[in-house]
Protein chains: 2
Amino acid sequence: MPAADLDQLDLAILSRLQEDSRTIAESIGAQVGLSAAAVQRRIKRLREAGVISREVAVIDPKAVGVDMTFVVSVEMERERIDVLDAFRKQVLADPAVQQCYYVTGSADFMLLVTCRDMTAFEAFTRRTFFENEEVRHFTTSVVMDRVKVGLSIPLTGG
Amino acid sequence: MPAADLDQLDLAILSRLQEDSRTIAESIGAQVGLSAAAVQRRIKRLREAGVISREVAVIDPKAVGVDMTFVVSVEMERERIDVLDAFRKQVLADPAVQQCYYVTGSADFMLLVTCRDMTAFEAFTRRTFFENEEVRHFTTSVVMDRVKVGLSIPLTGG
DNA sequence: GCTGAAACTGAGCTGCT
DNA sequence: AGCAGCTCAGTTTCAGC
C-alpha cells in the first residue's frame, strides 16, 4: 500500500504510536492540537489504509528464557528462483528466525536468529544449513549486546 | 528482568499479544480457558514485570516514503570501551538506524538502516562512518526483499 | 471533506465472593 | 479465578466550518 498522502498531523500521530501504541488519543491530541475524536478517526484510517500494518507486544527475551541472538549471513549454492523461494519458506516457518533479508553482495540472506541456548542454535544450523544442499556457506556472529532494537521508521528527515 | 515464572497460560497470552497487541482479553480467554478479567490481570502483571517491555505500532515503510533498507557491518579501529560506547550513543540517537547489535567475529557492529533514498543513505554513511576516525571499515548490503521482519520471540520449543 | 461536542458502545479495571 | 459493576477509551452521530 504505497504512498498514502499523509500530512504532518498523521506523521506526528504515527511517531507517537510507533513508540507506544497504547498512547491514548487524548494525549496525542493535546500535543498536535486536535480533539481525541479526530485523532482516533485518523488512527482508524491509518490502520485501514495499511500505513499501520500491525500493533504488537514486544517481549523481553530474557524473561521467557530466550537469551541468545545470532546474526547469520547465508550464501546459496546457486541463485535460482526456486532455490531462493524454498529457503524463504523455510525461514518463514522457523520460529527461531526473527528476521530475514534478501541482500546484495557476497551473502544472499542475512538472518537474525534467537535461541534459548547454544544447543538450540546448533539444532537450528543443522535443520537450516547442514541439511540443505543448496546452502554453500554460512557465517555466524554471536550478539553480545542488543544496542538498539526496533522497527521504527524515521518519519522526519531520514 | 530475567526469569519471571510464567506458566503455559502466560505463554499462550504472550503468543497472541506479540502477534496482535489489540487482541481483546475475551478472545484470548476463550482460547486458553480463562475469563476475560483473569486474562487482563495476567496481562497487567506481565507488563509490570517487564515481560511485555513495550507495545508498538508497526508502520509500513513504503507508506511513509521510506523505501530502502541496508545491512551494514562495521569494524572499529580499536576495541576500546569508550570508543564502542561513543559509537553506541551515536547510533542510538540516529533515527536512520533501526537496529544495532554488538557482535563477535570480524565485524564489531551490525546495523540495520532505513532511508528514504540513496542520497539519504550517503548522508548517513558520511555522518556515521567517514566523519568518525574510529571506524576502520564498513560493508553495506542493500536489502532487496524483507523476507521476514519481526521482533517475536519463539515461546514454544525454539 | 474534516473538525469538535456529545451520546453510545465496548473493553479494561476493581472489589467482592 | 469468576462475577458484577464501574470507569474510561474508542466509536458513531450530528452540526458547523
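The basis for the numbers below is simple: all heavy atoms, side chains too, and nothing from hydrogens, waters or symmetry mates. Numbers restart at 1 for each chain; the letters A, B, ... are given by sequence-line order, proteins then strands.
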Next on the checklist: Salt bridge check, A/Asp108 against A/Arg78: does any charged N sit closer than 4.0 Å to a carboxylate O?
Outcome noted: no

Next on the checklist: Quick test of your reading of the model: are A/Asp60 and B/Arg54 salt-bridged, counting only N-O distances below 4.0 Å?
Outcome noted: no

As a test of reading the structure: which of [options] is closest to the side chain of [X], going by heavy atoms?
| X | options | answer |
| --- | --- | --- |
| A/Arg45 | C/dT3, D/dC3, C/dA11 | C/dT3 |
| B/Ile24 | D/dG2, C/dG12, C/dA5 | C/dG12 |
| B/Gln40 | C/dG4, C/dC13, D/dA9 | C/dC13 |
| A/Arg42 | D/dG2, C/dT3, D/dG10 | C/dT3 |
| A/Ala38 | D/dT11, C/dG4, D/dA1 | C/dG4 |

Next on the checklist: Can you say whether a donor on the side chain of B/Arg41 sits under 3.5 Å from an acceptor on the base of D/dG2, or the other way round?
Outcome noted: yes

Whole-Å distance separating the [atom1] atom of [X] from the [atom2] atom of [N]:
| X | N | atom1 | atom2 | result |
| --- | --- | --- | --- | --- |
| B/Glu55 | D/dA9 | CD | P | 16 Å |
| B/Leu34 | C/dC13 | CG | C1' | 16 Å |
| A/Ile28 | D/dA9 | CD1 | C1' | 12 Å |
| B/Ile52 | C/dG12 | CD1 | P | 12 Å |
| B/Leu46 | C/dC13 | CG | C1' | 16 Å |
| B/Lys44 | D/dT7 | NZ | C1' | 13 Å |
| A/Arg47 | D/dG10 | CZ | P | 8 Å |
| A/Ile13 | D/dA9 | CD1 | C1' | 16 Å |

Next on the checklist: Parallel, tilted or perpendicular, judged at 30° and 60°: which one describes the rings of A/Phe87 and A/Phe109?
Outcome noted: tilted

Item to check | With B/Val143 via side-chain contact (heavy atoms from CB on, under 4.5 Å) - residues at least two apart | outcome: A/Tyr101, A/Val103, B/Thr69, B/Val71, B/Arg146

Checklist entry - So which one's nearest nucleotide on DNA chain C is more toward 5', B/Arg22 or A/Ser35? => result A/Ser35

Checklist entry - Same hydrophobic cluster for B/Val72 and B/Phe130, using side-chain heavy-atom links shorter than 4.5 Å among ILVMFWY? => result yes

Item to check | Secondary-structure notation, DNA chain C, from Watson-Crick and G-U pairs under 3.5 angstrom (| other strand) | outcome: |||||||.|||||||||

Checklist entry - Taking atom OG of A/Ser53 and atom CZ of A/Arg47, what is their separation to the nearest 0.5 Å? => result 12.0 Å

Checklist entry - Counting any heavy atom closer than 4.0 Å, what does B/Ala25 reach on the DNA or RNA strands: base, sugar-phosphate only, or nothing? => result sugar-phosphate

Checklist entry - If you look at every strand shown and take non-hydrogen atoms under 4.0 Å, does A/Ile43 touch a base, only sugar-phosphate, or nothing? => result nothing

Checklist entry - Taking the side chain from A/Thr128 and the backbone from A/Phe124, do they hold a donor-acceptor pair closer than 3.5 Å? => result yes

